[in-house]
2 protein chains.
Amino acid sequence: MPVAQPRNRRRIPCSACPLRDCGAFRELDDTELAFVEEFKSGEFQIEAGTVLLEEDNDSPHLYTIMDGWGFRHKALEDGRRQILNYALPGDLVGLQSAMFHKMEHSVEALTDMTLCVFERKRFFELYTDHSELAFDITWLAAREERMVDDHLLNVGRRSAQERIGYIILHLYDRLERIGKARKGELAMPLTQQHLADTLGLSLVHTNRSLNALIKSGLISWENNVCVINDRDKLVDMTHYEGADPRTLRPLI
Amino acid sequence: MPVAQPRNRRRIPCSACPLRDCGAFRELDDTELAFVEEFKSGEFQIEAGTVLLEEDNDSPHLYTIMDGWGFRHKALEDGRRQILNYALPGDLVGLQSAMFHKMEHSVEALTDMTLCVFERKRFFELYTDHSELAFDITWLAAREERMVDDHLLNVGRRSAQERIGYIILHLYDRLERIGKARKGELAMPLTQQHLADTLGLSLVHTNRSLNALIKSGLISWENNVCVINDRDKLVDMTHYEGADPRTLRPLI
DNA sequence: CGTTCAATTGAGAGCGATCAAGTTTAGTGG
DNA sequence: CCACTAAACTTGATCGCTCTCAATTGAACG
């Protein structure tokens, strides 16, 4: 699959962005909103499986996810792959190539995705003209790092079942915060291979551990829908510590 | 060990900072240097073992490491600990508390350290008055995330011996870049317990794997000095991919 | 010369990997 | 709507890497 090239599409004004209504994002003032609106160079839709950004490449674009799931990953030469994190609506992807002029990981669409496109060559304007937004970018970078920190603890120090429980809680909370999940139910586009590559486990062992977790009753997982049946016990079992759900985050 | 509180000490002007001469950092112009000089509220020395920043706390300070090693880590309630990354001279620590008003990990001194102290409450001035420096902060945040990405791949997908080889190459390259290591030789303040907690392994297995690696001849490790005897073979064996050694990074 | 911390070694168990079939589900084209 | 195909999921069996428990050795220090 070749790396996707953005083409312009119909365009939703940032002031009418459907994401802004879910209560998870901080309000932008008029000048900020006008800047983002003008900074945004278009929209872009890609299909599940498309490679959005590729390791070692230098992308001229940054993206904010309006809809759909992606994942960041990197691989060893012999094919062993590690998924680093998932990219969900409201997340910014491609910041690395804006900083280093080179991607150190790939980003692939897990579902069909709708993206807002920004030009890297105009990225620095944001720093000169809108210090609040510049601060927001740093905030987002720090948030991403915090999530990877948590995943590293997960992979390094939790058992297989704990890892699975943890990642389910993590994804659920992120999606619930933006109104894409509720009542403990979560549409899960992941295959078990994705899970395995996220958790540093083999496919076979992931399958067995997941089924053991299901049999224990704490969660269900059928037809790509995952249900958290007993959140308290799952939190306890996995030693999960979610982020403060009240903090507002920036959306650019 | 209580969390360290900064006290002022004798003070090296930023323009005469010994770190700036090693050729790894980008040059600041006069106004930037003047700002950093004035932003810096003091210096601070701590002993090995001191906790500099503690998980869940909100620190009023940020630090740049002038000398010594620290490490970032977080732990599960039952004591299992994961070291997330090492903090070396030139690195900024405490950005998380500046962003989130709360640390999600701890930072501990591995050796005696000398730190430059900055006040978080003045941090935003950097964004309003010096967009280049603001960009630099984001750059540093992205760099830190990239390192954690690499560590996650390491812990998730490499074998024990590969993990050890990888982390040695990683630390060596970072230190060589700032003139703190050369000729394949590296002063290593880590205990095997630190190594184990970095690599997601048990202490016993770390010991056996390290000794196997030493026996293979690729490295030596005696009296806290680690020597890379055959870099090419070690790079090959670990599938190591270092960062571009020519890129200059910011120093704030 | 105890004390303490780090490194080492042995033994046994088990978690998770690998190899190898199957089975179920989903997608495609006739 | 059914046959065909590919992808995803399961299951069994076996291997071995890594963990845990338990001692012991070595080095540093007052």
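Naming: A, B, ... by sequence-line order, numbering from 1 per chain.
- B/S209 and B/Q161 share no side-chain donor-acceptor pair at under 3.5 Å.
- Side-chain proximity of B/H205 to the nucleotides C/dG10, D/dT18, D/dC9 is greatest for D/dT18.
- Nearest nucleotide to the B/V204 side chain, out of C/dG10, D/dT18, D/dA8: C/dG10.
- We find that CD1 of A/I214 is positioned 11 Å from P of D/dT11, with the value rounded to whole Å.
- Under the 4.0 Å criterion applied to side-chain N and carboxylate O atoms, B/D149 and A/R72 are assigned as salt-bridge partners.
- A pairwise comparison of heavy atoms in B/H151 and A/L152 identifies O-CD1, 3.9 Å as the closest pair.
- Summarising the geometry, the separation between CZ on B/R163 and C1' on D/dC19 is reported as 13 Å, rounded to the nearest angstrom.
- A sub-4.0 Å separation between OP1 or OP2 of C/dT8 and a side-chain N or O of B/Q192 is present.
- Between B/L213 atom CG and C/dT8 atom P the separation is 13 Å, expressed in whole Å.
- Closest to the side chain of B/S159, from the set D/dA13, D/dT18, C/dA11, is D/dT18.
- Here the side chain of B/S202 is nearest to one of C/dT18, D/dT20, D/dA8, namely D/dT20.
- Of the side-chain N and O atoms in B/N207, one or more sit less than 4.0 angstrom from OP1 or OP2 of C/dT8.
- Across the interface with DNA chain C, nearest-nucleotide mapping of A/Q161 and B/L210 shows B/L210 to be the residue nearer the 5′ end.
- Between the CD atom of A/E162 and the C1' atom of D/dC19 there is a distance of 14 Å, given to the nearest Å.
- Note on A/K74 versus A/D56: no salt bridge recorded, every NZ/NE/NH1/NH2 to OD/OE distance being 4.0 Å or above.
- The CZ atom of B/R157 sits 13 Å away from the P atom of D/dT18 (whole-angstrom rounding).
- Atoms CZ (A/R80) and P (C/dA17) sit 12 Å apart, rounded to a whole Å.
- Summarising the geometry, the separation between CD on B/E222 and P on C/dT8 is reported as 10 Å, rounded to the nearest angstrom.
- Note on B/L201: only backbone sugar-phosphate atoms sit closer than 4.0 angstrom, heavy atoms only; bases stay farther off.
- Using a 4.0 Å cut-off, no side-chain N or O of B/N211 falls inside it from OP1 or OP2 of C/dA7.
- Between B/R174 and B/D91, at least one side-chain nitrogen of the basic residue sits less than 4.0 Å from a carboxylate oxygen of the acidic one, meeting the salt-bridge criterion.
- As rounded to whole Å, 18 Å separates atom C1' of C/dC15 from atom CZ of A/R158.
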